[in-house]
Number of protein chains: 2
Amino acid sequence: MLSDTPIPNNHDITRAKSNCSACSLRELCLPVGLNEQEVEILGDLVNHKCRIQRGEYLHHTGSNFQSLYAVRRGFFKTYVLEQDGRQQVTGFHMTGELIGLDAISTEMHTCDAVALEDSEVCEIPFAKLEEMSRNIPSLMRHFHKIMSREIVKDHGVMMLLGSMKAEERLATFLLNLSHRFFKRGYSSSDFILRMTREEIGSYLGLKLETVSRAFSKLQEEEIIAVHNKHIQINDIDRLRNKIGTA
Amino acid sequence: MLSDTPIPNNHDITRAKSNCSACSLRELCLPVGLNEQEVEILGDLVNHKCRIQRGEYLHHTGSNFQSLYAVRRGFFKTYVLEQDGRQQVTGFHMTGELIGLDAISTEMHTCDAVALEDSEVCEIPFAKLEEMSRNIPSLMRHFHKIMSREIVKDHGVMMLLGSMKAEERLATFLLNLSHRFFKRGYSSSDFILRMTREEIGSYLGLKLETVSRAFSKLQEEEIIAVHNKHIQINDIDRLRNKIGTA
DNA sequence: CCTTTGAATTGATCTGGATCAAAACAAGGA
DNA sequence: TCCTTGTTTTGATCCAGATCAATTCAAAGG
């Protein structure tokens, strides 16, 4: 059924695009159109590459904000705690994405960020970033676009939570993941989920049982194949049709 | 029941804090800690004060992005259209709030913005804002905080949509409005809603009938008084208790 | 004044997803 | 190997909110 393809899955041992050695921002953290000199200057921006083990926290709610974190490798979730202790997942973050933008506003983190697999991040001291963006207009512009994109993304989630049915939500979620894996050079149709059904449910505003049932339904219809956390998308068009045509 | 109070309602003819003449950013658009000279420079930033009538649009989805808009007076809603034509309200915006941050990312507006009452906005050319913030660090910092606050706000809405019941959602919504009116010098317990039940429902992920029933329920419990769009909060503590104690 | 029109309320019913419960499964660890 | 523990699936039931339908109400215009 699966033709052997040169495109790596995100669970292959060899990782796509993970062979760059120095932690420059050249290709992942803030891929701006810079000249060589600017890239070099930018090198100063990044403090150090930091390994984070599965289950370790990048920051907690209320902790002091100093730096943004660019995911270099791995997978994170961020969540806010409600008064009654339940957690609401606000996002999943993979290679090349920035964590901590919410903390700029109050200079305190407003969510917890935890690694869902062994990961690596670049720490980007925010004061330094602001300082440098003063002299590099394209960096400033790029940073503003990143923040703006975050807002747009959140509006998309609001739409999902506000008006989609369970199956539509899951389809949207899978298509989004698929797209993000694709952009990173991984297979868009064969990947491993790093989060549990409960975490997916929290993100999508559903209970874990409902998420599981939605997976099963999509599998029955032969649109996807589910083996625990291993997902294969067999018919992406029909998956797309699940959205907005309920 | 209502003691006559010096605090104006948002439906009084005399408006609180609306008597400033020039459209400087001094006190509303971007209230940064600036010295006199900087404030003067900043005056250049604002193109012109612009009147927008109820029902008029500030921008449409897909239109070219040039400027942010600071609400000077009045009330707006922003919404995104789904493929099937329904609209999902992404926010309500009142005096002092910024509209258009979502458009920075693609340089196209990603939502429609429409005035829900006769309003006035300041147009802030974004290129100019970036240019100036390069020379005024506190302006840059302030702008970043505004964007970040937007992200935090959206996370709050995600939490609301993802895990609250209808009554909790409406209580949260009313408390949020109350707080925003209060900060602007209006009564926090007596105000006029500018949006319909349907628009509230869209924002809160509920049908208009459910919104209406939730209003009625809160009124029965004598926590609020509802006369169409006129809302009075009689017992703000019990309203607060509605949240997270379901 | 009455008429029109859009908005809001209220009632009756239906249903998607929550909840409760149990079984199946997977990954470690002893 | 067999436990243990956490995760996932599946089934049975229940309920909050959606849906459908009918009034009521408010504002604007003739």
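Fair warning: this is a prediction, and the values are worked out from it, not measured in the lab.
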How many whole angstroms separate atom CD1 of Ile192(A) from atom P of dT7(D)?
16 Å
What about the rings of Phe191(B) and Tyr186(B), do their centers lie closer together than 6.0 Å?
no
How close or far is atom P of dA16(D) from atom CD of Glu168(B), stated in whole angstroms?
12 Å
Quick one: does any side-chain atom of Ser178(A) pair with a main-chain N or O of Ser188(A) as donor and acceptor, under 3.5 Å?
yes
Is any side-chain heavy atom of Arg72(A) less than 4.5 Å from a side-chain heavy atom of Val121(A)?
no
Any donor-acceptor pair under 3.5 Å linking the side-chain atoms of Asn64(A) with those of His59(A)?
no
Any donor-acceptor pair under 3.5 Å from Thr90(A) side chain to Met158(B) backbone
no
Mind listing the N/O atom pairs, protein and nucleotides 3-6 of chain D, below 3.5 Å?
none

Going by salt bridge (charged side-chain N to carboxylate O under 4.0 Å, His left out), Glu199(A) matches just one of Arg194(A), Lys229(A), Lys77(A). Which one?
Lys77(A)
Stepwise salt bridge (Lys or Arg N to Asp or Glu O under 4.0 Å) test for Arg213(A) and Glu209(A):
CA-CA 6 Å; Arg213(A) 277 182 245 269; Glu209(A) 295 96 327; 5.9 Å; no
At under 4.0 Å between heavy atoms, what does Gly205(B) touch on the DNA or RNA strands: base, sugar-phosphate, or nothing?
sugar-phosphate
Between P of dT9(D) and NZ of Lys217(A), the distance in whole Å:
16 Å
Rounded off to whole Å, could you give me the CG-to-C1' distance for the Leu193(A) and dT7(D) pair?
13 Å
Distance in angstrom units between Leu161(B) CG and dG17(C) C1', rounded
16 Å
Grab the NE2-P distance between His230(B) and dA27(D) for me, whole Å please.
13 Å
Under a 4.0 Å heavy-atom criterion, the protein footprint on nucleotides 3-8 of chain C, written with B, S and -, is ----SS
Using whole Å, what does the distance between atom P of nucleotide dG17(C) and atom CG of Leu160(A) come to?
12 Å
Spacing between Ile200(A) atom CD1 and dT7(D) atom P, to the nearest angstrom:
13 Å
How about Lys242(B) and Leu218(B): do any of their side-chain heavy atoms sit closer than 4.5 Å?
yes
Run the numbers on Leu116(B) and Phe92(B) for side-chain contact (heavy atoms from CB on, under 4.5 Å), then give the verdict.
CA-CA 9 Å; Leu116(B) 296 182; Phe92(B) 297 108; 4.1 Å; yes
What class does the angle between the rings of His230(B) and His227(B) fall in, given that below 30° is parallel, 30 to 60° is tilted and above 60° is perpendicular?
tilted
Any sub-3.5 Å donor-acceptor pair from Gln87(A)'s side-chain atoms to Tyr79(A)'s backbone N or O?
no
Those residues that, when tested against Arg180(A), pass salt bridge (Lys or Arg N to Asp or Glu O under 4.0 Å) (two or more places apart)
Glu97(A)
Contacts of type salt bridge (Lys or Arg N to Asp or Glu O under 4.0 Å), residue Arg54(B), not counting sequence neighbours:
none
Which pairs, protein N/O on one side and nucleotides 19-22 of chain C N/O on the other, fall under 3.5 Å?
residue	atom	partner	partner atom	Å
dT19(C)	O4	Arg213(A)	NH2	2.9
dC20(C)	N4	Glu209(A)	OE2	3.3

Working note: Glu220(A) + Lys217(A), criterion salt bridge (Lys or Arg N to Asp or Glu O under 4.0 Å); need CA distance, chi angles, decisive distance, verdict.
CA-CA 5 Å; Glu220(A) 262 170 41; Lys217(A) 177 108 184 298; over 6 Å; no
Axial bend angle, the helix from dC1(C)-dG30(D) to dA30(C)-dT1(D): five-pair end segments, nearest 10°
30°
